[in-house]
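Take a look at the structure below.
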Amino acid sequence: MIDDSLPVLNSAARYGVGYLLSIAQPDSQLPARSVDRFNAIHDFEEVMPTNDPTL
């Protein structure tokens, strides 16, 4: 599960969801935040496979 809300991720963890990722910069107008409890991604390309065979 990927979410930009830390309370939502905390709740998911309490309910046993096993794979949780946070969004490091959910608002492009603000700087990236430090997330301690969950791994954070900056862009969905970090977790989505590409269909481009040249990459």
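These figures come from a predicted structure and were not determined experimentally.
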Just do the side-chain contact (heavy atoms from CB on, under 4.5 Å) check on Glu46 and Asn39 with the steps written out, would you? CA-CA 12 Å; Glu46 295 177 49; Asn39 289 327; over 6 Å; no
Which pair of non-hydrogen atoms, one from Val35 and one from Leu6, has the smallest distance, and what is that distance?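 Taking every non-hydrogen atom into account, CG1-CD2, 4.0 Å.
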Which heavy-atom pair separates Ser5 from Arg33 by the least distance, and what is that distance?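 Scanning both residues completely, I find the closest heavy atoms to be N-NH2, 4.5 Å.
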Are the side chain of Gln25 and the backbone N or O of His42 linked by a donor-acceptor pair below 3.5 Å?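 A pair under 3.5 Å: no.
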Give the intermediate values and the outcome of side-chain contact (heavy atoms from CB on, under 4.5 Å) for residues Ile23 and Asp3. CA-CA 6 Å; Ile23 307 285; Asp3 204 287; over 6 Å; no
Please answer: with hydrophobic residues joined when any side-chain heavy atoms are less than 4.5 Å apart, are Val8 and Val17 in the same cluster?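 Cluster IDs for Val8 and Val17 match.
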Roughly how far apart are Phe38 CZ and Met1 CE, rounded to 0.5 Å?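 One gets 9.0 Å once the value is rounded to the nearest 0.5 Å.
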Beyond-backbone contact of Met48 with Asp43, side-chain heavy atoms, under 4.5 angstrom: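 No, too far: nothing below the 4.5 Å cut-off.
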Trace of the side-chain contact (heavy atoms from CB on, under 4.5 Å) decision for Arg37 with Asn10: CA-CA 9 Å; Arg37 181 167 181 200; Asn10 285 321; 2.7 Å; yes
